[in-house]
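Data first, discussion second: the structure below is written as structure tokens.
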Amino acid sequence: MTATDVAAPPLPRAKQPPGLFLLFGVEMWERFSYYGMRALLVLYLVDAQRGGMGWDRVAAQKLYGWYGFLAYLMPVFGGLLADRVIGTHRSMVIGGIIIACGHFCLAIHATPTFFLGLGLIILGTGFFKSNVSTMVGQLYAKDDPRRDGGFTIFYMGVNLGALLGPLACGALAESPRFGWHWGFGAAGVGMVVGIVLYLRLKSRYLPGIGLAPNREMAATRGEPDAKLTPEERRRILALFVIFFFVIFFWMAFEQAGSSMNLFAAERTDRSVLGFNFPAAWFQSVNPAIILAFAPVFASVWIGLARRGREPSTPAKMVGGMALLGGGFVFMVLGAARSDAGGLVSPSWLLGAYTLHTFGELCLSPIGLSMVSRLAPLKYASLFMGLWFVATSISEFLAGHLAAATDRIARGEVFHLFGGQADFFLIFVVSSVLAALGLAALTPWLKRLMA
């Protein structure tokens, strides 16, 4: 196994540090709050019948894009602050408290508090998001073979929260008895639970972890706070190249919260045995598949590694992008059927989400592990934040592309199949082209990553 093959977890008998499972729980509740609210945001903005804001679709999806952009941009500043001044522990606590306050502001039925709530969640995510992932990396020595397995476990915590959040918040939001603001409030409760859990158990399971800024930790390990070494510069260059290609992945993947969410609400038959389930529940398909198949993917990487055939990190990401493009083929076909009139089977969305999730398993958890391994220790949180900056750019592009859905469907931009099928075709093409570009650069990237 080479240094670039950062996705394969260790053998099952390698015992993980107990602190990993505390961070698993904290991140699970933070993602419960984030994805629970995300599943509601666009639906709430366009709703004019049940107490929503009654915005038009274009404005709602643009706001979604701006929200995602800022929420994933801020971690670079939170990471820099943690590296230089306050450490990952304090940054996480501050961020969690601010996030909870933001969700409770959304639970108040007033336009000013709605925008205040979004702003607080964006700010709190900046403090929290990059630092919890960095703290996972701080549990391991640089060449600890348990690192990749630890990130696989941690990523399952992310997705357990992403599974439960839309189910709970979506059920409350679309219930005649409760409504949207109960859903937003439930997201805030989830964040409070996560912070209380962390503060109660931190001293027991994470003693000393994250208290000192990463700059000080690097100095104690003999890493100079000065110019980067040639090897560090090469690895950083590799990271930036991969960050660029990751933008295309998340730009397409994040249609889940906007255009695909509206497709579920408006064009999909959601009736099962007389029960019309909430559109937001489709947001739980992705994390459910991750929880089911992450161990399968881990076993595949282990089996390939034992035979000396495990793909490098860039090669796995190429596969992830190709799978993502394949998922949007389902959306093209489903949209073509819906353009003919009537509601379509949920199997089109389920097929798309399944392939998207398989693609995510080839890209996202190994990306987190890659950053924690390749970034210089003194800039650990900063580079984890830069990983999320790639996502922030993707969120912005995803929202603004989603806002153009109707224009593209009317043939005002281009016309191939016609209707909304043309819109989803964009992501088939962009994903495949990104996969081909990264595949061409993979040998060079492997040399840079040493």
Would you say Trp55 has more than 12 foreign heavy atoms packed within less than 6.0 Å of its CH2?
yes
Closer than 3.5 angstrom, by distance alone: can the side chain of Ser369 be matched with the main-chain N or O of Ile366 as a donor-acceptor pair?
no
Please determine, by modelled atom types, if Thr88 and Gln138 share a side-chain donor-acceptor pair under 3.5 angstrom.
yes
Could you give me the CA-CA distance, side-chain angles and deciding distance for Tyr44 and Phe184, then say whether ring pair (Phe, Tyr, Trp, His ring centres under 6.0 Å) is met?
CA-CA 10 Å; Tyr44 171 71; Phe184 290 131; 5.3 Å; yes
Might you point out which heavy atoms bring Trp387 and Gly367 nearest each other, and give the distance in Å?
CH2-CA, 3.5 Å
Answer yes or no: is there a donor N or O on one side and an acceptor on the other, between the side chain of Arg90 and the main chain of Ile86, under 3.5 Å?
yes
Do His89 and Asn131 have side-chain heavy atoms sitting under 4.5 Å apart?
no
Nearest non-hydrogen partners of Ser392 and Phe69, listed with the distance
CB-O, 2.9 Å
Looking at every non-hydrogen atom in both residues, tell me the closest pair between Ser431 and Leu324 and how far apart they are.
OG-CD2, 3.5 Å
Report, as yes or no, whether the 6.0 Å neighbourhood of atom CZ on Phe245 holds more than 12 heavy atoms from other residues, nucleotides or ligands.
yes
Asp339 side chain to Gln420 backbone, donor-acceptor under 3.5 Å:
yes
For the residue pair Val429 and Phe328, establish whether any side-chain heavy-atom pair is separated by less than 4.5 Å.
no
For the ring pair Phe282 and Phe277, is the centre-to-centre distance below 6.0 Å?
yes
Donor-acceptor pair between Asn276 and Ser271 side chains, under 3.5 angstrom:
no
Counting only heavy atoms not in Phe77, do more than 12 fall under 6.0 Å of its CZ?
no
For Thr405 and Ala402, indicate whether the former's side chain and the latter's backbone hold a donor-acceptor pair under 3.5 Å.
yes
Under 3.5 Å, is there a donor on one side chain and an acceptor on the other for Ser364 and Tyr155?
yes
Surrounding CZ of Arg337 (heavy atoms of other residues, nucleotides or ligands, distance under 6.0 Å), is the total greater than 12?
no
Heavy-atom distance under 4.5 Å between the side chains of Ile290 and Glu360, does that happen here?
yes
Flag the pair Phe330 / Tyr353 as yes when their ring centroid distance falls below 6.0 Å, and as no otherwise.
no
Asn159 (side chain) donor-acceptor with Ala162 (main chain) under 3.5 angstrom
no
I'd like to know if the side chain of Gln283 and the backbone of Ala256 have a donor-acceptor N/O pair within less than 3.5 Å.
yes
Quick one: does Ser91's side chain have a donor or acceptor within less than 3.5 Å of a partner on Gly87's backbone?
no
Less than 4.5 Å apart, any side-chain heavy atom of Met92 and any of Phe127?
no
May I ask you to test the Phe154-Ser133 pair for a side-chain heavy-atom distance under 4.5 Å?
yes
Begin with the C-alpha distance, continue with both residues' side-chain angles, and end with the deciding distance and a verdict on side-chain contact (heavy atoms from CB on, under 4.5 Å) for Asp406 and Glu412.
CA-CA 9 Å; Asp406 293 338; Glu412 297 175 10; over 6 Å; no
Answer whether the closest heavy-atom distance between the side chains of Arg146 and Leu139 falls below 4.5 Å.
no
Are Met370 and Leu239 packed together at the side-chain level, in the sense that at least one heavy-atom pair is separated by less than 4.5 angstrom?
yes
Classify the angle between the aromatic ring planes of Phe396 and Trp66 as parallel (below 30°), tilted (30 to 60°) or perpendicular (above 60°).
perpendicular
Would you call Ile426 and Ile408 a side-chain contact if the rule is heavy atoms closer than 4.5 Å?
yes
Heavy-atom nearest pair, Val428 first then Val329, reads CG2-N, 3.7 Å
Looking at Glu254 and Arg38, does any basic side-chain N land under 4.0 Å from a carboxylate oxygen?
yes
For the pair Phe358 and Phe297, name the ring-plane relationship: parallel under 30°, tilted 30 to 60°, perpendicular over 60°.
tilted
Report the C-alpha distance between Phe104 and Val192 in whole Å, list the side-chain angles of each, state the deciding distance to 0.1 Å, and finish with yes or no for side-chain contact (heavy atoms from CB on, under 4.5 Å).
CA-CA 10 Å; Phe104 292 134; Val192 169; 3.9 Å; yes
Ignoring hydrogens, what is the shortest heavy-atom contact between Asn261 and Ala39? Give both atom names and the distance.
ND2-O, 3.3 Å
I want to check a possible cation-pi pair here: Arg267 against Phe263, using under 6.0 Å from ring centre and within 45° of the ring axis as the test.
no
Heavy-atom donor-acceptor pair, Arg270 side chain to Ala264 backbone, under 3.5 Å:
yes
Which atoms form the tightest heavy-atom contact between Ala280 and Leu43, and what is the distance?
N-CD1, 4.3 Å
Please check this pair: side chain of Ser372 against backbone of Gly137, looking for a donor-acceptor N/O pair closer than 3.5 Å.
no
Kindly determine whether Lys129 and Glu27 satisfy side-chain contact (heavy atoms from CB on, under 4.5 Å), including the steps that lead there.
CA-CA 9 Å; Lys129 185 61 183 166; Glu27 178 70 349; 2.8 Å; yes
Using a 3.5 Å distance criterion without hydrogens, assess whether the side chain of Ser130 forms a donor-acceptor pair with backbone atoms of Pro75.
yes
Could you give me the CA-CA distance, side-chain angles and deciding distance for Ser259 and Phe424, then say whether side-chain contact (heavy atoms from CB on, under 4.5 Å) is met?
CA-CA 9 Å; Ser259 62; Phe424 289 119; 3.8 Å; yes
Examine Phe114 together with His109 and report whether their ring centres are nearer than 6.0 Å.
no
